[in-house]
Amino acid sequence: MLQSIGFAAAYTGVGIALLVLGFYVLDLLTPGNLGRHISENRSLNAAVTLTGGFLGQGAIIFASIWTNATSGFGQALLYTVVFGVLGVVLQAVAFVALDVLIPGRLGHHLMEPTFHPASLVSAAVQLAVAAIIVASIWP
C-alpha cells in the first residue's frame, strides 16, 4: 500500500505541475493576468476557458496513467509527462487557430467580465483537443 501511495503522490505532483504549466501558457495567450481576471474582475469567460483546459488536461493525465500503469511506474510517469506537455502545446495551438477564425481578438473576448459565447467555444476546443490526444493514448 505504501508503494501505491508513493505512486499516487508522484502522479499527482506531475499532474499539478502540468495543470500549472497549462495555466501559464493560457495566461501568455491572453491579455493581462489570467488569475486576476478570474478572481478580481470575476470574468466568467476566463473561468470557462480555463476550466475547459483543466478538464482536458485532467483527461490526458488520467488516460496516460490508466493505460500505462501496468508497464511500470517509470514508463507510466514518462508517458504522463510527455502526453501532458503535448496536451498543453496542442491546446495552445488550437487556441491560436481559434483566434484566427473568430473575428476580433479571442484573448480580449475571454477576459471580458460579462459573458461572451467565445468562452464556450474556446473551452470546447480545449476539450476536443484533449479527447483527440486521449484517443491516441487509449489502447
Side-chain angles (χ1 to χ4, degrees):
M1 181 159 94
L2 288 178
Q3 185 179 34
S4 292
I5 291 170
F7 291 165
Y11 286 129
T12 301
V14 165
I16 291 170
L18 289 166
L19 291 172
V20 168
L21 176 64
F23 175 90
Y24 281 116
V25 168
L26 185 58
D27 188 40
L28 288 173
L29 293 171
T30 55
N33 181 289
L34 182 60
R36 284 197 182 104
H37 281 291
I38 293 170
S39 65
E40 295 173 10
N41 300 340
R42 302 178 65 83
S43 173
L44 176 63
N45 303 310
V48 167
T49 299
L50 183 60
T51 298
F54 278 173
L55 290 172
Q57 272 300 106
I60 293 167
I61 294 163
F62 171 84
S64 296
I65 296 167
W66 188 262
T67 59
N68 294 291
T70 58
S71 60
F73 172 69
Q75 185 170 349
L77 192 64
L78 178 62
Y79 266 79
T80 303
V81 170
V82 169
F83 279 98
V85 170
L86 180 66
V88 170
V89 169
L90 293 179
Q91 284 176 323
V93 168
F95 183 94
V96 171
L98 188 61
D99 189 23
V100 170
L101 296 172
I102 292 181
R105 296 290 304 170
L106 178 60
H108 290 285
H109 294 318
L110 299 179
M111 297 307 111
E112 295 173 9
T114 57
F115 176 72
H116 194 291
S119 66
L120 297 176
V121 176
S122 179
V125 165
Q126 302 303 306
L127 291 170
V129 168
I132 293 165
I133 295 169
V134 166
S136 73
I137 299 168
W138 215 264

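In what follows, residues are counted from 1 in the order of the sequence shown.
With rounding to the nearest 0.5 angstrom, the CZ atom of Phe23 is 10.0 Å from the CG atom of Leu28. The CD atom of Glu112 sits 11.5 Å away from atom CG of Leu44, with the distance rounded to the nearest 0.5 Å. A distance of 7.5 Å separates CD in Gln126 from CZ in Phe95, rounded to the nearest 0.5 Å. Put simply, CG on Leu26 and CG on Leu34 are 5.0 Å apart, with the number rounded to the nearest 0.5 Å. Between atom CG of residue Leu55 and atom CD1 of residue Ile60 there is a gap of 11.0 Å, rounded to the nearest 0.5 Å.
Residues in residues 58-81 take part in no salt bridge (Lys or Arg N to Asp or Glu O under 4.0 Å) pair, two or more places apart or across chains. Applying the side chain to side chain donor-acceptor pair (under 3.5 Å) definition to pairs two or more places apart or across chains, none involves residues 47-65. Within the structure, the side chain to side chain donor-acceptor pair (under 3.5 Å) test picks out the following pairs touching residues 23-40 (sequence neighbours left out): His37-Asn41. Listed by first and then second residue, the salt bridge (Lys or Arg N to Asp or Glu O under 4.0 Å) pairs that reach into residues 124-138 come to none, sequence neighbours excluded. Applying the salt bridge (Lys or Arg N to Asp or Glu O under 4.0 Å) definition to pairs two or more places apart or across chains, none involves residues 65-88.
Hydrophobic clustering keeps Val100 apart from Leu98 (ILVMFWY residues linked when any side-chain heavy atoms are closer than 4.5 Å, directly or through intermediates). The hydrophobic cluster containing Ile132 does not contain Val121, counting ILVMFWY residues as joined when their side-chain heavy atoms lie under 4.5 angstrom apart, directly or transitively. Linking Ile, Leu, Val, Met, Phe, Trp and Tyr residues whenever their side-chain heavy atoms come within less than 4.5 Å places Met111 and Val96 in a single cluster. At a threshold of 4.5 Å between side-chain heavy atoms, the hydrophobic network of Ile, Leu, Val, Met, Phe, Trp and Tyr places Leu127 and Ile61 in two separate groups. Hydrophobic cluster membership is shared by Ile16 and Ile65, with clusters built from Ile, Leu, Val, Met, Phe, Trp and Tyr side chains linked at under 4.5 angstrom.
In this structure, the side chain to side chain contact (heavy atoms under 4.5 Å, CB included) partners of Val25, at least two apart in sequence or on a different chain, are Leu21, Leu29, Val88, Ala92. Residues forming a salt bridge (charged side-chain N to carboxylate O under 4.0 Å, His left out) with Asp99 (at least two apart in sequence, or on another chain): Arg105. Listed by chain and residue number, Val48 satisfy the side chain to side chain contact (heavy atoms under 4.5 Å, CB included) test with Ala123 (two or more places apart in sequence, or in another chain). Qualifying side chain to side chain contact (heavy atoms under 4.5 Å, CB included) partners for Ala118, counting only residues two or more places apart in sequence or in other chains: Ile102, Leu106, His109, Leu110, His116. Every residue two or more places apart in sequence or in another chain that forms a side chain to side chain contact (heavy atoms under 4.5 Å, CB included) with Ile5 is listed here: Met1, Leu2. A search for side-chain hydrogen bond (donor to acceptor under 3.5 Å, both in side chains) contacts involving Ser119 returns Asn45, not counting sequence neighbours.
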Return all side-chain donor-acceptor pairs below 3.5 angstrom for residues 69-87, not counting sequence neighbours, or 'none' if the list is empty.
residue, atom, partner, partner atom, Å
Ser71, OG, Asn68, O, 2.5
Thr80, OG1, Ala76, O, 2.8

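At least one donor-acceptor pair under 3.5 Å links the side chain of Ser136 to the backbone N or O of Ile133.
Of all non-hydrogen atoms in Ile137 and Ala63, the two that sit nearest each other are CG2-O, 3.7 Å. Listed here is the closest heavy atom pair of Gln91 and Gly53: NE2-O, 3.7 Å.
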